[in-house]
Amino acid sequence: MDLLSMMKHRRSIRKYQNRPVEWEKLEKIAEAGIYAPNPGGRQGTKVIMLDDAELIETIGIVNADCENRNWNGRSVSADQPSIIDDLSIKSGFYGCPALGVVCIQKILKTHVNAIGAAFVTAQNMVMEAYALDVSSCIVGRAEATFEKPEMQALLAKWGLDEEYMPLVFVCLGYIDGPYPTAKPRSEGRLLYIKK
Ligand SMILES: Cc1cc2nc3c(=O)[nH]c(=O)nc-3n(C[C@H](O)[C@H](O)[C@H](O)COP(=O)(O)O)c2cc1C
């Protein structure tokens, strides 16, 4: 499949099999992340990859608890319900067996370029995952998730430099059920100015 077709067909997946993702694939996905464009050529993002499903579930529950889940009936996805759509989902990581954690420097946490760098890193990871038949979902609320001392202790245990903080997550795993169809695009989002 060419790249544009891949981008059109990729979906955010929130139903995962209880089956690990091979480290050979996880390493390629993490590597794709650090090849993303980065502001000023600073290569300022770091990617943590973990495959401890139990630990991921523990962090995911904290992550879900950081979200205000009362969105007054607004729906994210009917075929891949999010924690907003289905209040019975306990983990913001949807039971995924592997997790990418994209980190930025704390001092840049409000800088639009640093935030952008984290998300393009995540996007590279999502596309590499799709190319490897691994499903994914970008998930936010990383700063809030790691606020508590016990969560900060995890970062220290993982050996993350103290000057860095998690900014965005990438859930990874094999899809449980059929792959959902591509979402049509809303009208009027492209404006071509031709000479
Ligand atoms: C910046 C960003 C943050 C997101 N945060 C979450 C999140 O916290 N939880 C979640 O389930 N999905 C999250 N998503 C996934 C979006 O809900 C998803 O991309 C959107 O609904 C479109 O669906 P699609 O990716 O299947 O096309 C996020 C996506 C982006 C780009």
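These numbers come from a predicted model, not from an experiment. Any value given below was found using the heavy atoms of this structure, including those in side chains, with hydrogens, waters and symmetry copies removed. Start at 1 and go down the list; that is how both ligands and their atoms are numbered.
Using a 4.0 Å cut-off between heavy atoms, Cys137 contacts ligand 1 through its side chain alone, with no backbone atom that close. Looking at Glu67 against ligand 1, nothing comes within 4.0 Å, counting heavy atoms.
Shown in contact with Tyr94 at under 4.0 Å from a heavy atom are these atoms of ligand 1, numbered in order with element: 9 (N), 10 (C), 11 (O). Listed by number with element, the atoms of ligand 1 under 4.0 angstrom from any heavy atom of Gly140 are 5 (N), 7 (C), 8 (O).
Between His9 and Tyr130, the closest side-chain pair of non-hydrogen atoms falls below 4.5 Å. In this structure the side chain of Phe169 never reaches within 4.5 angstrom of the side chain of Arg141, judged on heavy atoms.
Residue Gly100 comes nearest to Leu172 through the heavy atom pair N-CD1, 4.3 Å, listed as atom of the first residue, atom of the second, then distance. Scanning both residues, Tyr16 and Cys171, for their nearest heavy atoms gives OH-CB, 3.6 Å.
Between Phe169 and ligand 1 there is no heavy-atom distance shorter than 4.0 Å.
Without hydrogens or angle criteria, Asn18 side chain to Gly95 main chain gives no donor-acceptor distance under 3.5 Å.
Of the charged side-chain nitrogens involved, none lies within less than 4.0 Å of a carboxylate oxygen, so that Arg19 and Asp176 do not count as a salt-bridged pair.
At the shortest separation from atom 27 (O) of ligand 1 among protein heavy atoms lies Arg10 NH2, 3.6 Å. In terms of protein heavy atoms, atom 21 (O) of ligand 1 is closest to Val76 CG1, 3.7 Å. Ser12 OG, 3.4 Å is the protein heavy atom nearest to atom 18 (C) of ligand 1. Residue, atom and distance of the protein heavy atom nearest to atom 23 (O) of ligand 1 are Lys183 NZ, 3.7 Å. Nearest non-hydrogen protein atom to atom 1 (C) of ligand 1 is Phe119 CE2, 3.2 Å. For atom 12 (N) of ligand 1, the closest heavy atom belonging to the protein is Arg14 NH2, 3.2 Å. Closest to atom 4 (C) of ligand 1 among all protein heavy atoms lies Ile138 O, 3.6 Å.
By the definition of a contact as any protein heavy atom under 4.0 Å away, atom 31 (C) of ligand 1 is not in contact.
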Can you check salt bridge (Lys or Arg N to Asp or Glu O under 4.0 Å) on Lys25 and Asp133, steps first, answer last?
CA-CA 9 Å; Lys25 290 188 178 184; Asp133 281 327; 5.8 Å; no
Would Asp79 and Arg11 count as a salt bridge (Lys or Arg N to Asp or Glu O under 4.0 Å) here? Give the steps.
CA-CA 10 Å; Asp79 46 24; Arg11 292 290 311 281; 3.4 Å; yes
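Under the 4.5 Å side-chain heavy-atom criterion for Ile, Leu, Val, Met, Phe, Trp and Tyr, Ile59 and Leu155 are members of the same hydrophobic cluster.
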